[in-house]
Number of protein chains: 6
Amino acid sequence: MTTPVKLEPLDSGATPRFAGLATFMRLPVATPAEVDVALLGAPFDSGVTNRAGARHGPRELRNQSSLVRRHHHVTGRSPYDVARVGDCGDVPINPLDLMESMRLIEAHYRAVREAGATPLTAGGDHLISLPILRGLSTGASVGLIQFDAHSDTYDEFFGQKVNHGTPFRRAIEESLIDPKRMVQIGLRGSIGDPKNFDFAKAAGVRTIFIEEFCARGVDDVMDEARAILGTGPTYVTFDIDAIDPSQAPGTGTPEIGGLTTREAQAMIRRLSGLDVVGADLVEVAPPFDPSGLTAMTGATLMFELLCVVADSVAARVYG
Amino acid sequence: MTTPVKLEPLDSGATPRFAGLATFMRLPVATPAEVDVALLGAPFDSGVTNRAGARHGPRELRNQSSLVRRHHHVTGRSPYDVARVGDCGDVPINPLDLMESMRLIEAHYRAVREAGATPLTAGGDHLISLPILRGLSTGASVGLIQFDAHSDTYDEFFGQKVNHGTPFRRAIEESLIDPKRMVQIGLRGSIGDPKNFDFAKAAGVRTIFIEEFCARGVDDVMDEARAILGTGPTYVTFDIDAIDPSQAPGTGTPEIGGLTTREAQAMIRRLSGLDVVGADLVEVAPPFDPSGLTAMTGATLMFELLCVVADSVAARVYG
Amino acid sequence: MTTPVKLEPLDSGATPRFAGLATFMRLPVATPAEVDVALLGAPFDSGVTNRAGARHGPRELRNQSSLVRRHHHVTGRSPYDVARVGDCGDVPINPLDLMESMRLIEAHYRAVREAGATPLTAGGDHLISLPILRGLSTGASVGLIQFDAHSDTYDEFFGQKVNHGTPFRRAIEESLIDPKRMVQIGLRGSIGDPKNFDFAKAAGVRTIFIEEFCARGVDDVMDEARAILGTGPTYVTFDIDAIDPSQAPGTGTPEIGGLTTREAQAMIRRLSGLDVVGADLVEVAPPFDPSGLTAMTGATLMFELLCVVADSVAARVYG
Amino acid sequence: MTTPVKLEPLDSGATPRFAGLATFMRLPVATPAEVDVALLGAPFDSGVTNRAGARHGPRELRNQSSLVRRHHHVTGRSPYDVARVGDCGDVPINPLDLMESMRLIEAHYRAVREAGATPLTAGGDHLISLPILRGLSTGASVGLIQFDAHSDTYDEFFGQKVNHGTPFRRAIEESLIDPKRMVQIGLRGSIGDPKNFDFAKAAGVRTIFIEEFCARGVDDVMDEARAILGTGPTYVTFDIDAIDPSQAPGTGTPEIGGLTTREAQAMIRRLSGLDVVGADLVEVAPPFDPSGLTAMTGATLMFELLCVVADSVAARVYG
Amino acid sequence: MTTPVKLEPLDSGATPRFAGLATFMRLPVATPAEVDVALLGAPFDSGVTNRAGARHGPRELRNQSSLVRRHHHVTGRSPYDVARVGDCGDVPINPLDLMESMRLIEAHYRAVREAGATPLTAGGDHLISLPILRGLSTGASVGLIQFDAHSDTYDEFFGQKVNHGTPFRRAIEESLIDPKRMVQIGLRGSIGDPKNFDFAKAAGVRTIFIEEFCARGVDDVMDEARAILGTGPTYVTFDIDAIDPSQAPGTGTPEIGGLTTREAQAMIRRLSGLDVVGADLVEVAPPFDPSGLTAMTGATLMFELLCVVADSVAARVYG
Amino acid sequence: MTTPVKLEPLDSGATPRFAGLATFMRLPVATPAEVDVALLGAPFDSGVTNRAGARHGPRELRNQSSLVRRHHHVTGRSPYDVARVGDCGDVPINPLDLMESMRLIEAHYRAVREAGATPLTAGGDHLISLPILRGLSTGASVGLIQFDAHSDTYDEFFGQKVNHGTPFRRAIEESLIDPKRMVQIGLRGSIGDPKNFDFAKAAGVRTIFIEEFCARGVDDVMDEARAILGTGPTYVTFDIDAIDPSQAPGTGTPEIGGLTTREAQAMIRRLSGLDVVGADLVEVAPPFDPSGLTAMTGATLMFELLCVVADSVAARVYG
């Protein structure tokens, strides 16, 4: 194993957190070729069917991520000790053209992958996972673990097949995801049609509703999830609306009765050791987040994800 | 059983949730005679002794209820499949005359009952339960299950016997409620007088404080509550301040350490099968709810209540 | 002249303003065929290039319009005495498909026109004026008076010719508007290109920047505007960002140094006597309007516009 | 002239403004007998017909008044050099009984008058002016200058003669006010009935609408107002909704196009030399004032009023 | 035991909670010599390294404490029945001089102690605990129980040894605290250095991270804490950031995944019977608390602390 | 004249304004040596005596400056065509040590000057002007034009001579500023001492209160100001509290009755042609700016200042 050239966040004990440009985790700006893990923003919300605003997510997540320090308090370890991590800026998108944006995002992530970086993305609405998965695809399906209030495996809304309620159905149809290696946790909320989950179930996706989660607890659920995901390449997607709206009000489609941040943190930590090929945290909508709490929650969960991704990347690259 | 003429909410997959007039659950406007379950607003807060604002509750609950879809995700069933439900508008009140408002509300609910509809009301402060119970009364006492931080069985404030801290004492005194079939869940918060609960206890009301609730859990508590309520006619009243202020800050008299929405949802679902003659959700005060979270929580709990009420009505009417 | 069947708002001295469904001006819901002036919402913001949110405009404008009473305090007259005015609901749109929305809106306004109603529309972003003008078109160009911080006569953004910065260029190109009978008032703010106004000027549009307005005052400017508009059919479009952001912060592209509401009210009143074939008030974006002030300003200006439109309609219809 | 025992605010150059109990202007708590000018709160809003919240006005006005320093910057003089001024606490009211509150307030102001203090009151809704005038009455009518968006000389709302839209009609009927010595400035906003101003005009009240004010300017209007008020005893009432909602959004019935604070300050300064027997500033509603701007505006205008009242009192008492 | 002269809060059933000056718990203003328990504010935040605002904490805690009533609902007992409690105002501080503020605070608490009162302080940032402990010191070390997200036993930030991240290291070094009788509960959040906790652990401080707390629960953790604290004199310090940001967003350094208020209340109640020589509740930062929820939570927890302190004082003084 | 290597902001017609890192005006990050005009942040508020928060100013000004485009709409010219402008990051400061911060800032600006760049700084509180003037000093006094509600020429607060109320007295005493070439515009607000302005007046500073400004108007006042400033080197300082709080609520010491943004823009434009050696815009305090309006106003005024500074620099450098 070769020690990477370290990229370090600013030290909040020397430079105040409120000072300086707001990059993710106060990290240096870098190109994908310069990093092992690329932190990226996808300022895009043309896929939403209800309240827009996630286009402003990357900026506020960067802003609030100034509150995050270097080391994880449970492990005492720093992701920056095991992998080069940098802020690789925002993905190009076209706010007036949904389909062109799909192509732009896909091409951008293809380039990220070809540069050798593993992306951790701040959305944007959940539709971004689709072009990200397309761009990262090397031909083989990947596993998926999805924290979410909604299944996002619907067929269409408003006659459109591409929107933030459908990305994972499209990804399954395109064999980007192996539905047998796909788990959804935290589903809840009233539904437009009782058949909403039929596709996912028929495809073999494991859907864990909040009620089942509450009855079983973090450890039991994550044991099962890890068994399903196995050792193959896996993508992690975290929709902030998985979290209860009291801890993450600023999102387009909130649903009460959600995960607590304690539960979410514990579950993300249980992802340690998976072969993670990418991750995202989506649907933070700052216009509906007057106190900044949602972005703060999101930024902290991004750090939890980063610790998992960095370890996985380190094992692949330096391991 | 006759299939009712269905009244359906707008489909949010075809008409966006932000479009159209804000009726409860995006349902059609209807008269009580046209529905089995009447959704009503009581824009009234002259009964409050601290912070006003619940007068704006019905409008914001309507607004946020656009986020609710048709089917319950646990049962897969829709209340609109078993009963005719419509938005029957707001109750007339006089903001300058407390006692006249009492009379106006009572008369309105008498008319609703005589039209054959079962009301589910959005308050308004908790005093509205008193004229509603009067209007719905057919002479016999009903059971009551009350989710609340406060007992609301006090005798008087400011020398007045009719206010939002006294409705259930008055209702017991008037034999509208059978105190032996009355349960209160979620009580907490500092009290002005240690004798505050003496009346309720002497009358036979079962008061379950939050501490007892936490120790026993939803299932145990609801088993007892159902045993107390039995099979007789029952009214359900849900004060939003039963919920923790992190999930429902917008209310006049918040108390920390409250119910979570998960617990509340689980308890309301356990009401299934009761003979419900009416229900309300009260004390949502939008001026103290900058993020809209309280109204969103309230609207979702109204949908949970609606599922229970619709089933009960269906059993009575079409059963 | 035949006295119309009057449609009246609820009386706020009898029914409190916070009570009842939030329709425009507390008017009855009606079909275009039942009214002379159709108040309509266009919950659409897919045309914005910066901050979305105007999709929520119609609902909040309806909500705040409950504060408006029946008679204008300067004239003492009521628009409801001279014309039938009703809330005709929201225009159908597709939040995922910009071009389909253009077609849906155009078709809807063609139907409104064919029903004999003159529309006063609450946006929505400024792009909606384009399909409205298309739908209202009878073949001949109309005059246009535009209150706005921006000219909206640009050619394209993000490679797209149809967005909220281009509607009036398209409308001129399509001969929907006669640029010789077009006036823009309140223009200001930094610009991407010094040639931004070349098209408008070359076409003969009269552009009155805020600096010229300040130097000349309301009366002088409006004398000129009326001379340009003449007696032909005229459309009135009011972008809320014409108003200073201190009085209308909730909009997508605010620019400091704007019109005061006093100035705006005075200018709208000077439109009296024009032959108005339609009007709109656009770009109210509630997610950026925490205090509700923008929607309140917008609703009051809609009432000012309504008084002008109703008089014009009355002259045409009841002569 | 005897130099009074001075009561001084805390010095913000020695004790920070954010420190200490929030009394009006950081003054000592005192009884009416200990002061020449009594600063009082009237935490009462049972008279409102639309949005409540002015009950919280006194507390927030006290809070924001910590920003006010001792000397007026134009005159260089301090009201505390010419009169003893103290915070005399809040008036007793009954939030559940409008009529009892009327009696409580009246009795309290009678006692204030009998103690020899001149009251400057922070409301509360505008109805409080009525019991204040009753309590201060010595039998003879007083003059009134009213800054307001609304005339408040209506006859009744909701069948009630006593509410925040009627105080000055009642006061004229009871001969508390001499309508020939009464001026209203800043009136505007849509009206429910074109006859709304008939009573005031018939009684001889001078009503100056915002349009007339704008055309004439501060000096011309105030010259006329002073001529009307003359040298007799005069009460000054300032409804915060006289100010434009951009500078005072937190009020129950805002109307756009209002006075600027500059204009208001200039007009209050022109009251200097009148024989002022009392003053109030009403309708600050903190729940609708998320930024605190309204209370800050109100507290500063209270200081402007205080300078006028103190000089008037000094002339009477120490003259 | 001598019955104290009782100092009682205003009765919210007779004087509305929104009325009157905002003192802590609506108690009378008093000098330390007049009370057994002195409620004090420390409007100081010069020790913060990130977001300031705790200087405004005392005022908002006073404001929100109007919602607290006299008796604890679990015990039915009132602290005002067992001890004289009053609002003793704010500590003098110098916002421009950190070190002088340290001296001012220390001297003030020395005087409080010498007057015979036990202080319960509303911060202010956490640095205030250091000069408080200095001022209260009689020479012997005291035990400490600290509810906090952060250990605050770091050595320095920005080259400064005295700031809100270091008070307890300084206090241990100065033998104000006996580290063998010190417990920290609720620690969490990313850390700048994995050695951050080395000092505390080497000194013998018991650090209980949130993960351990969640695994063991309130009772088990508090059993251990009480065993560590023993029967000696103990200081209680509660940093509001111990609470989850959903229930206490308004603080300078929030960390997700925190204690619930239910848990906090249960733990404070378990302090009953300790020999408490002082307590504080710190880091409430109102500028980051738009809904007031943090101050409301803080004020209620202050009442919980007050019940413990009053009992302890009563045992010492009247016991 | 040599055409500079142009540094250009991102084009908002190609890259959305909400995308990308938030640098000032969306400009490239650069070192002082790479630019003619250095945009800098000074995240510092240890000099405030009332409400802190200006430490967060630079970040929010950067954030809101994404709304600003390239060309001035009045001149049609772009500052980026005449000078190289870049975002040179934030000045180092120590939030725990006021005097060390003074030294750090001074040294930083000395280096900026020595690198050949002219600084335009986003504060921070007004104290930063003092170390900036020290760092820029070449020995000779400069002229100063100050837009401000407060004179900031006081002697001391809390026994400290260095704070945000005293910078210009210190600067005059240190001969950094020539008081005969110093003008203050917009002064207002209550004062602690009638002698507050004696120092400035005795020194020869021209103080123009808001009352004088209103009476004379922009042109007359600026004619005089330009005559006073003459052709010598001049520093421009703009305290955002010069602007009325309705347009700039988010500041530490707001005063009603201030400048409008229209007036401010007109005055800044009248600075064209001066020999400007530096400028700052200070006292934007985001925690008190819930809608972002203050930062938006500040960012736009920074652009107005930039146009003046760039022209002046171009005349000096490329002239």
Side-chain angles (χ1 to χ4, degrees), chain A residues 8-19 25-26 64-79 81 217-219 243-249 258-266 268-269 289-304 306-307, chain E residues 48-53 149-151 154-160 163 165-166 186-198 207 209-215 241 244-261 263 285-294:
Chain A
E8 287 279 357
L10 290 177
D11 178 359
S12 64
T15 307
R17 298 170 183 218
F18 44 81
M25 312 292 164
R26 314 187 79 197
Q64 291 288 342
S65 74
S66 291
L67 291 172
V68 182
R69 304 172 200 82
R70 272 178 284 193
H71 293 260
H72 196 283
H73 75 281
V74 172
T75 64
R77 298 173 58 237
S78 162
D81 287 342
V218 164
D219 284 335
I243 301 290
D244 191 76
S246 61
Q247 298 181 313
L259 295 173
T260 67
T261 50
R262 275 188 196 171
E263 291 165 348
Q265 288 176 298
I268 295 175
R269 291 170 194 167
D289 191 30
S291 69
L293 177 59
T294 312
M296 201 267 285
T297 296
T300 309
L301 294 179
M302 278 187 75
F303 180 72
E304 297 275 2
L306 175 58
C307 291
Chain E
V48 306
T49 55
N50 184 23
R51 310 193 299 188
H150 312 95
S151 179
Y154 311 122
D155 193 27
E156 64 175 49
F157 287 98
F158 302 97
Q160 302 298 115
N163 62 66
T166 65
L187 305 188
R188 65 189 188 277
S190 55
I191 48 178
D193 188 327
K195 297 181 183 172
N196 271 351
F197 306 107
D198 290 359
T207 58
F209 283 75
I210 195 73
E211 287 78 13
E212 180 182 349
F213 171 81
C214 291
D241 69 21
D244 192 75
S246 61
Q247 298 180 312
T251 192
T253 319
E255 308 284 354
I256 66 172
L259 295 174
T260 66
T261 49
E263 291 165 348
F288 300 95
D289 191 34
S291 70
L293 177 58
T294 312

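FYI, side chains are in, hydrogens and waters are out, and symmetry mates aren't considered; it's all heavy atoms of this structure. Order of the sequence lines fixes the chain letters, A, B, ..., with proteins taken first and strands second; residue numbering starts at 1 for each chain.
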Yes or no on side-chain contact (heavy atoms from CB on, under 4.5 Å) for E/Glu211 and A/Gln265, after CA distance, side-chain angles and deciding distance?
CA-CA 10 Å; E/Glu211 287 78 13; A/Gln265 288 176 298; 5.8 Å; no
Heavy atoms, side chains only, cut-off 4.5 Å: are E/Thr253 and A/Arg17 in contact?
yes
List the residues meeting side chain to side chain donor-acceptor pair (under 3.5 Å) with E/Glu212, not counting sequence neighbours, and say none if there are none.
E/Arg206, E/Arg216
Rounded to the nearest 0.5 Å, how far apart are CD1 of A/Ile243 and OG of E/Ser246?
10.5 Å
Determine the minimum heavy-atom distance between A/Arg70 and E/Gly192, stating which atoms define it.
NE-O, 3.9 Å
Euclidean distance, A/Leu67 CG relative to E/Ile256 CD1, rounded to 0.5 Å
11.0 Å
Which atoms of A/Thr260 come close to chain E, meaning under 4.5 Å heavy atom to heavy atom: side chain ones, backbone ones, both, or neither?
neither
Under 4.5 Å from any heavy atom of chain A, what part of E/Asn163 do you find: side chain, backbone, both or neither?
neither
Among the listed options A/Ala14, A/Pro249, A/Gly76, A/Ser12, the residue most often paired with chain E at heavy-atom distances under 4.5 Å
A/Ala14
Is it the case that the side chain of A/Arg262 and the backbone of E/Gly258 share a donor-acceptor pair, with hydrogens and angles ignored and the cut-off at 3.5 Å?
yes
Hits for ring-ring contact (aromatic ring centres under 6.0 Å, His included) against E/Phe158, two or more places apart or cross-chain, chain-then-number order -> none
With a 4.5 angstrom heavy-atom cut-off, could you sort out which part of E/Leu293 is near chain A: side chain, backbone, both or neither?
neither
What residue, out of E/Pro245, E/Gly189, E/Cys214, has the most heavy-atom pairs lying under 4.5 Å from chain A?
E/Gly189
What part of A/Gln247 gets closer than 4.5 Å to chain E, counting heavy atoms only: side chain, backbone, both or neither?
both
Chain A shares the most heavy-atom pairs under 4.5 Å, among E/Pro290, E/Ser291, E/Pro254, with E/Pro254
Need one label for A/Ser66: side chain, backbone, both or neither, based on atoms under 4.5 Å from any heavy atom in chain E.
neither
In this structure, CD1 of E/Ile191 is separated from NE2 of A/His71 (nearest 0.5 Å) by 7.0 Å
